[in-house]
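Reviewing the structure listed below.
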Protein chains: 2
Amino acid sequence: MKSIILNGVQNMARRKDHSPEELKALVIGAVLGFLQNEPAKKLSLRQLAKMVGYSPGTLINLFGSYAHLILAANAATLDLIADKLSKALVNTQNPQDQLSVIALEYLNFAKQHPFQWQILFEHHLAEEDEVPHWQLSRIDGLFTLIEKCLEQLNPHSQNDERHKASRVIWAAVHGICMLEVDNKLFAQDSVTGESMINSLLSHYLGSWKISNQHQGDDQQ
Amino acid sequence: MKSIILNGVQNMARRKDHSPEELKALVIGAVLGFLQNEPAKKLSLRQLAKMVGYSPGTLINLFGSYAHLILAANAATLDLIADKLSKALVNTQNPQDQLSVIALEYLNFAKQHPFQWQILFEHHLAEEDEVPHWQLSRIDGLFTLIEKCLEQLNPHSQNDERHKASRVIWAAVHGICMLEVDNKLFAQDSVTGESMINSLLSHYLGSWKISNQHQGDDQQ
DNA sequence: CCTTTAATTAAACACCGTTCAAAATAAAGT
DNA sequence: ACTTTATTTTGAACGGTGTTTAATTAAAGG
């Protein structure tokens, strides 16, 4: 297996048969596969390189850095989530039910892929380089989805009211998912992520959808 | 400064004058001081040891491991937050205002100490050792605070209804803080953490407090 | 076939948390 | 005061990390 050593110091560099895009997909697959069983803390560039049969350096000049490699994996995760959400929506018409489906599907993903989901939010880029635009547009798509439901829920609502409400709902659902995945709810067994999401949506939306029925007087 | 070298290989171990408790406080102070300016990612045991003038090994057999050192610093942070919350509450009587004060004070802490706040939730212990009980009781104290407000808000509510609502509120507020600190809200400037918390509390509580006024029929 | 270009690599670098035997100190015994 | 014992504290070593770089190889162009 080891190549021939000549001259005391020697050799290597055998070109594999993967295009850059194939290799990227291979690596991202390895990341997500690893995170199915092991926490993000245990992931490393060197292990990853071993898994896909390339050297650490190859992965670095493919993605730019280890941080950007993780970012690429996170982008794939976001795509996967967006796909699940839109698929879950096709059989639901009522806008409040749609929001419920979105939130519960999101929770479901977090519970089924806790490590993959955690790394989405625990991975911080160095402050010098900003989040790439393609990442931003993915997130924007999720917000737009929520805002559309809100518009159906209350057609009299203003744009900026829906904008704010979408952020509140997203953040709240996200907080519930996070504490559920981290097991930091310290709640009795009857209180699950599902029941919390139901409580949140029914109460928040119940009040929100009637708050602007007449002459647009916002509460806050 | 360097001790005398004799015999080719040499010396060291000058006993400093700190009791274990003093040293712990010194280290925790160094952690929190560091996190005022630098992200958790850049913190390390070795730098920390240099800051307080001890060797890495000393800190390890003081706290057990680097992970437990961070845990101790997080405990100090939780105490600090609990202290701020209870102090902020003394001038507020109305229970809904109290909840608002709690949430806004919590948000304020997160914004003023983002790195210290982030490490509270991004630090995961290895699964083999559980979260210590003194940590759990601290968190339980925060929940009890919220549940007391909810009881004032709706004296007819059941114990388990308040239990659930306290978790929903806490998780939602937490989610808002997290996305605000991480700059992941992608919202227009008018939508701030404060306005989101106000929206969340007014709508959620507005519905919640009347949901059990008569014969205890819960929505979920 | 030779040259150029691009891909891939091993090795080196500067870190990291942890372990451990040895060194230095303090405390106890005489 | 001296010796012994016990306790801190440490440097050095170990195996790991992400990243850089010079060398090597394969492929492409002429």
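Keep in mind that what you see is a predicted model, and the values were worked out from it rather than measured.
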> To the side chain of A/Tyr54, which of D/dG11, C/dT9, D/dG18 is closest?
Replying inline: C/dT9
> Whole-Å distance between C/dT18 P and B/Arg46 CZ?
Replying inline: 11 Å
>> D/dT9, OP1 or OP2 - any side-chain N/O from B/Thr58 closer than 4.0 Å?
In response: no
> Which value, rounded to the nearest 0.5 Å, describes the distance between B/Glu122 atom CD and B/Phe115 atom CZ?
Replying inline: 10.5 Å
>> Does C/dC16 have OP1 or OP2 under 4.0 Å away from a side-chain N or O of B/Gln47?
In response: yes
> Rounded to the nearest 0.5 Å, how far apart are NE2 of B/His18 and OH of B/Tyr54?
Replying inline: 5.5 Å
> Are any of A/Ser44's side-chain N or O atoms less than 4.0 Å away from OP1 or OP2 of D/dT17?
Replying inline: yes
> Atom NZ of A/Lys24 to atom C1' of C/dA7: distance rounded to whole Å?
Replying inline: 15 Å
>> In this structure, how many angstroms lie between the P atom of C/dA7 and the CG atom of A/Leu62, rounded?
In response: 10 Å
> To the nearest Å, how far apart are A/Lys41 NZ and D/dT17 P?
Replying inline: 14 Å
>> Quick check for you: to the nearest 0.5 Å, what is the distance between A/Leu201 atom CG and B/Tyr204 atom OH?
In response: 10.0 Å
> In terms of side-chain heavy atoms of B/Tyr66, which of D/dG11, C/dT18, D/dT19 is nearest?
Replying inline: C/dT18
>> Between B/Ile60 and A/Gly53, which residue's closest nucleotide on DNA chain C lies nearer the 5′ terminus?
In response: A/Gly53
> Expressed in angstrom and rounded to an integer, what is the separation of A/Phe63 atom CZ from D/dT19 atom P?
Replying inline: 13 Å
> Of the nucleotides D/dT19, C/dT19, D/dT9, which has the atom closest to the A/Pro56 side chain?
Replying inline: D/dT19
> Expressed in angstrom and rounded to an integer, what is the separation of A/Lys50 atom NZ from D/dT17 atom C1'?
Replying inline: 12 Å
> Any idea which of C/dA10, D/dT19, C/dG17 is nearest the A/Leu45 side chain?
Replying inline: D/dT19
>> Without decimals, in angstroms, what is the distance between A/Leu48 CG and D/dT17 C1'?
In response: 13 Å
> To the nearest angstrom, how far is A/Leu59 atom CG from C/dA7 atom P?
Replying inline: 15 Å
>> Can you confirm whether B/Glu147 sits close enough to B/His163 that some side-chain heavy atom of one is under 4.5 Å from a side-chain heavy atom of the other?
In response: yes
>> Check whether B/Phe63 forms a cation-pi arrangement with B/Lys24 (NZ or CZ under 6.0 Å from the six-membered ring centre, at most 45° off the ring normal).
In response: yes
